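What's counted below: heavy atoms across the whole structure, side chains too, no hydrogens, waters or symmetry copies. Just so you know, these numbers come straight off a predicted model, no measurement behind them. Letters A, B, ... are given to chains in the order of the sequence lines, protein chains preceding strands, and every chain is numbered from 1.
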There are 2 protein chains.
Amino acid sequence: MMHSAEQGAFRALADPTRRQILVHLAQSEMTIGEVCDRFDITRGAVKKHLIILEEGNLISVHPKGRERINRLEPMALKTVADWLEYFSHFWDSKLGDLKSAIESNQKSTKENDNG
Amino acid sequence: MMHSAEQGAFRALADPTRRQILVHLAQSEMTIGEVCDRFDITRGAVKKHLIILEEGNLISVHPKGRERINRLEPMALKTVADWLEYFSHFWDSKLGDLKSAIESNQKSTKENDNG
DNA sequence: TTTTCATAATACCTTTTGGTATCATTTAAA
DNA sequence: TTTAAATGATACCAAAAGGTATTATGAAAA
């Protein structure tokens with residue numbers, strides 16, 4: 001099946017535990033054990049979340065002795081932010097009302113990366 | 001169960017068909033029938049996607065005679081963009097490398113809305 | 001009033017998801 | 001060289017997701 005570049009990241013972000021893990025990794029990189037200490041689920045569950053985060057390129061994993069360091073990879077988050085930015089004129093527009101913003105959008109945009 | 005304000009939106013955005021629907025609704029509001037015309041799935045499937053988008057406050061639905069108009073609600077997207085912005089210093093930082101950005105983050109941030 | 005059109009609702013099916021428990025593997029330490 | 005620690009892998013389970021087909025409703029049109 002076809003997957004857009006950001007699909008893996010959107011999928012990973014859908015789960016609150018995974019978003020929480022990203023917040024923790026934004027403070028410092030961690031081993032799996034250290035991530036587990038911050039949640040009340042089993043190591044196996046945490047491991048699965050880390051795999052999904054890795055598949056979405058939101059983290060990278062680096063072996064170090066018998067440990068494995070999990071590190072935030074912010075560029076995948078930027079991919080998501082970029083997708084959202086396509087809609088940003090709806091909320092930071094000076095027009096102030098949605099109807100006008102959509103009409104303005106219809107005039108200016110026919111094709112786009114989100115389509 | 002506790003749900004953060006943005007949980008419904010993140011959940012809705014995880015599916016590529018639903019993201020596509022939002023792109024279409026950014027062009028103009030549409031009835032369900034008009035949304036269906038743009039996809040190769042059944043009306044029932046589209047309806048379910050619209051319900052999930054509505055649950056995430058990403059769209060609102062407005063009865064009009066025997067039709068129901070689906071309208072983009074951009075503020076829920078802003079909620080998601082705001083969550084992501086917490087991480088933005090990792091990619092737009094002048095520091096340029098992640099290690100420094102995380103160390104800088106450790107100094108400046110102890111608690112935050114994402115935590 | 002009787003159709004017809006746009007939509008809602010429900011039952012059902014398969015795959016994915018989020019979790020557990022258990023066993024295997026690899027590396028550091030005694 | 002054993003032993004302990006950190007992690008990986010697998011089988012299993014219940015619930016949620018994404019889809020279909022079918023039936024029901026409610027408003028517009030003939």
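Rounding to whole angstrom units, CD of residue A:Glu55 and C1' of C:dT16 are separated by 12 Å. Whole-Å rounding puts the A:Leu13 CG to C:dT17 C1' distance at 16 Å. Here the P atom of nucleotide C:dA28 and the NZ atom of A:Lys64 are 12 Å apart, to the nearest Å. When the P atom of C:dG18 is taken as reference, atom CZ of A:Arg19 falls 11 Å away, rounded to whole Å. Nucleotide D:dA27 holds its C1' atom 6 Å from the CZ atom of B:Arg66, rounded to whole Å. Rounded to a whole Å, the CD atom of B:Glu54 is 13 Å from the C1' atom of C:dA8. For the pair A:Gln7 CD and C:dT16 C1', the computed distance is 13 Å after rounding to whole Å. Distance, B:Ile51 CD1 to D:dG19 P: 13 Å, rounded to whole Å.
Residue B:Thr31 places at least one side-chain N or O closer than 4.0 Å to OP1 or OP2 of C:dT7.
Rounded to the nearest 0.5 angstrom, A:Lys78 NZ and B:Leu84 CG are separated by 11.0 Å. Note that OG of A:Ser4 is 9.5 Å distant from CH2 of A:Trp83, once rounded to the nearest 0.5 Å. Atom CE of B:Met30 sits about 9.5 Å away from atom CG of B:Asn70, to the nearest 0.5 Å. The CZ atom of A:Arg71 sits 11.5 Å away from the OG atom of A:Ser28 when rounded to the nearest 0.5 Å.
The six-membered or imidazole ring of B:Trp91 lies away from that of B:Phe87, with a centre-to-centre distance of 6.0 Å or more.
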With the criterion being N/O to N/O and under 3.5 Å, what pairs connect the protein with nucleotides 20-23 of chain D, and how long is each?
unit_1 : atom_1 : unit_2  : atom_2 : d
D:dT20 : OP2    : B:Thr42 : N      : 2.8
D:dT20 : OP2    : B:Thr42 : OG1    : 2.5

Between protein and nucleotides 14-17 of chain D, what N or O pairs are separated by less than 3.5 Å?
unit_1 : atom_1 : unit_2  : atom_2 : d
D:dA17 : OP1    : B:Arg11 : NE     : 2.9
D:dA17 : OP1    : B:Arg11 : NH2    : 3.0
D:dA17 : OP2    : B:Arg11 : NH2    : 3.2

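Side-chain atoms of A:Ile32 lie closest to D:dG8 of the nucleotides C:dT7, C:dT4, D:dG8. Set against D:dG8, C:dG18, C:dA29, the side chain of A:His49 has C:dG18 as its closest nucleotide. Candidate nucleotides D:dA28, D:dA5, D:dT7 were compared by shortest atom distance to the side chain of A:Glu67, and D:dT7 ranks first.
A donor and an acceptor atom, one from each side chain of A:Ser60 and A:Glu73, are located under 3.5 Å apart. Side chains of A:Gln20 and A:Arg38: a donor-acceptor N/O pair is absent below 3.5 angstrom, by distance only.
Partners of B:Arg11 by salt bridge (charged side-chain N to carboxylate O under 4.0 Å, His left out), not counting sequence neighbours, listed by chain and number: B:Glu55.
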*Does the side-chain contact (heavy atoms from CB on, under 4.5 Å) test come out yes or no for B:His24 and B:Phe39, once each step is laid out?*
CA-CA 11 Å; B:His24 287 310; B:Phe39 295 92; 3.7 Å; yes
